[in-house]
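Here's the structure, in structure tokens; my notes come after.
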Amino acid sequence: MSEKILILDFGSQYTQLIARRVREGRVYSEILPYQTSFSTIQAFNPRGIILSGGPASVYARHAPSLDPRVLDLGVPILGICYGMQLLTTMLGGRVAKAARREFGQADLLIDAQDGLFGAVRPEGAPEAPSCRVWMSHGDRIEKLPSGFRVIGHTANSPIAAMVDPQRRVYAIQFHPEVEHTPQGRAILSRFVSEICGCSSTWTMGSFRKETVASLRQALDGERAICALSGGVDSAVAATLVHEAIGDRLTCIFVDNGLLRKGEADKVVRTFRATMQLKVRRVDASSRFLSKLKGVS
């Protein structure tokens with residue numbers, strides 16, 4: 001896959017939604033933690049990078065940061081909420097605590113309808129185009145970094161969206177990934193397709209085929225084991241590996257005694273009967289519960 005969007009996670013509850021929106025736009029995306037090494041990020045070779053929101057304040061001690069070399073990769077960058085504030089701080093602007101916390105829907109007044117907001121259908125009066133967005137922040141941008149200009153503001157945030165057109169660095173204070181920003185998909189699509197130049201040809205079906213083919217080649221003649229919890233992640237992993245190597249896969253389900261009544265039986269029955277997986281059940285409930293004795 002040559003067209004990939006990398007999302008660096010700073011602890012936002014919405015990070016998975018960002019990835020989902022990008023993939024819904026038929027572009028492949030992956031999430032990595034903000035501490036990921038620069039060499040790993042460089043090797044990923046993204047077409048664009050999105051910095052997620054997060055609960056921290058950029059001026060707090062030990063606030064999550066970013067290897068500054070990421071900003072010099074030459075690919076478009078979009079900072080969302082905390083991501084915007086981090087870009088501001090790293091590039092010489094100023095972030096400060098807002099006099100009033102902004103949480104909920106707000107009217108974003110669009111100062112420049114090209115670029116990031118080129119696909120937005122303006123609401124409000126023609127002389128003051130706007131759109132509804134979802135805000136969740138207690139800090140705000142007080143001073144623009146050098147090279148940036150304001151492209152959107154709200155009553156509480158004089159700099160709610162900004163851009164450095166030369167470096168193709170965009171930043172927005174609101175969350176375009178949530179349903180409460182009605183035109184958020186259009187904004188993200190604009191960044192991914194128009195600004196990053198992705199052609200939107202990726203599908204989950206193609207990902208599945210490529211992944212199975214890659215596993216089949218990597219595990220040629222080999223056996224494999226998969227820790228199976230019954231949750232989505234391990235179930236998808238087991239399904240893909242099973243499709244690649246069949247009965248050479250053995251899944252191990254550890255019953256820790258902490259599931260709901262009958263749930264362990266249901267997990268094993270579902271994967272054995274419905275998905276035809278070879279599942280070995282390990283009853284470790286006594287071990288787990290004895291270790292937890294006296295813990296509240």
Side-chain angles (χ1 to χ4, degrees), residues 1 3-37 40-41 43-44 46 49-55 64 80 175 177-179 188 202-219 222-285 287-288 292:
M1 288 170 287
E3 298 183 348
K4 300 178 289 186
I5 298 296
L6 176 62
I7 301 162
L8 294 178
D9 180 26
F10 289 89
S12 170
Q13 60 183 319
Y14 303 136
T15 303
Q16 293 289 344
L17 263 182
I18 301 172
R20 177 173 178 168
R21 298 294 179 241
V22 173
R23 293 168 190 164
E24 286 174 345
R26 301 185 69 186
V27 175
Y28 181 70
S29 67
E30 279 191 24
I31 299 171
L32 292 176
Y34 71 89
Q35 308 100 318
T36 300
S37 68
T40 300
I41 294 173
F44 185 78
I49 297 174
I50 298 177
L51 310 182
S52 83
I80 297 175
H175 290 273
E177 67 272 23
V178 301
E179 292 288 348
L188 285 173
W202 177 86
T203 65
M204 186 57 77
S206 65
F207 171 77
R208 177 175 180 170
K209 289 180 180 178
E210 290 175 11
T211 301
V212 170
S214 175
L215 287 167
R216 189 173 288 131
Q217 182 178 11
L219 298 172
E222 301 287 346
R223 295 182 178 275
I225 60 172
C226 176
L228 185 65
S229 69
V232 172
D233 293 339
S234 63
V236 170
T239 301
L240 292 174
V241 177
H242 183 257
E243 189 172 334
I245 66 173
D247 289 341
R248 301 204 312 272
L249 169 69
T250 299
C251 296
I252 300 174
F253 170 71
V254 178
D255 181 0
N256 57 23
L258 300 173
L259 299 179
R260 289 166 289 190
K261 183 178 179 180
E263 189 172 19
D265 294 332
K266 183 178 180 181
V267 168
V268 174
R269 185 169 60 250
T270 298
F271 287 98
R272 282 177 178 168
T274 307
M275 300 177 62
Q276 306 300 311
L277 293 177
K278 185 163 50 177
V279 181
R280 290 191 180 180
R281 179 176 182 171
V282 178
D283 185 356
S285 55
R287 182 180 180 186
F288 273 80
L292 292 172

Stepwise, does the side chain to side chain contact (heavy atoms under 4.5 Å, CB included) test hold for V241 with L219? CA-CA 9 Å; V241 177; L219 298 172; 4.2 Å; yes

Spacing of CD1 belonging to I18 relative to OG belonging to S12, to within rounding of 0.5 Å: 5.5 Å

How many angstroms lie between atom CG of L259 and atom CZ of F253, to the nearest 0.5 angstrom? 5.0 Å

Got a second to check how far D233's CG is from L228's CG, nearest 0.5 Å? 11.5 Å

According to the interplanar angle, ranging from 0 to 90°, do the rings of F10 and Y34 count as parallel (below 30°), tilted (30 to 60°) or perpendicular (above 60°)? parallel

Closest heavy-atom contact between D9 and G11? OD1-N, 2.9 Å

More than 12 heavy atoms of other residues, nucleotides or ligands under 6.0 Å from CG of L258: is that the case? yes

Please check this pair: side chain of T239 against backbone of A235, looking for a donor-acceptor N/O pair closer than 3.5 Å. yes

State, with a plain yes or no, whether a side-chain heavy atom of C251 is found less than 4.5 Å away from one of L249. yes

Apply side-chain contact (heavy atoms from CB on, under 4.5 Å) to Q35 and list each qualifying residue two or more places apart in sequence or on a separate chain. P33

May I ask you to decide if A19's main-chain N or O and S29's side chain share a donor-acceptor pair within less than 3.5 Å? yes

Please name all residues satisfying side chain to side chain donor-acceptor pair (under 3.5 Å) with T40, sequence neighbours left out, ordered by chain then number. S37

Does some side-chain heavy atom of W202 sit less than 4.5 Å from a side-chain heavy atom of M204? yes

If you take all heavy atoms of V254 and A284, which pair is closest and at what distance? CG1-CB, 3.9 Å

Heavy-atom closest pair (R26 atom, T203 atom, distance to 0.1 Å) is NH2-CG2, 3.3 Å

Are R281 and I252 close enough that some pair of their side-chain heavy atoms sits under 4.5 Å apart? no

Residues two or more places apart in sequence or in another chain: which of them pass side chain to side chain donor-acceptor pair (under 3.5 Å) with Q276? none

Distance col, row R216:CZ vs L240:CG, nearest 0.5 angstrom, shows 11.0 Å

With sequence neighbours excluded, what pairs up with S234 under the side chain to side chain donor-acceptor pair (under 3.5 Å) test? S229

Is E24 paired with R21 through a side-chain N to carboxylate O contact shorter than 4.0 Å? yes

Report the residues that fulfil side-chain contact (heavy atoms from CB on, under 4.5 Å) with F44, sequence neighbours left out, ordered by chain and then residue number. K4, L6, E30, P46

Considering the options T15, L8, I31, which one meets the side-chain contact (heavy atoms from CB on, under 4.5 Å) requirement together with S52? T15

Checking K278 side chain against T250 main chain: does a donor-acceptor pair fall under 3.5 Å? no

Taking all atoms of both residues into account, what is the closest heavy-atom pair of E3 and V27, and its distance? O-CG1, 4.2 Å

Got a second to check how far I7's CD1 is from R20's CZ, nearest 0.5 Å? 13.0 Å

Approximate separation, where rounding is to 0.5 Å, of R272 CZ and T274 OG1: 12.5 Å

For Q13, all residues meeting side chain to side chain donor-acceptor pair (under 3.5 Å), sequence neighbours excluded: none

Please indicate whether R280 has more than 12 foreign heavy atoms, meaning atoms of other residues, nucleotides or ligands, lying under 6.0 Å from its CZ. no

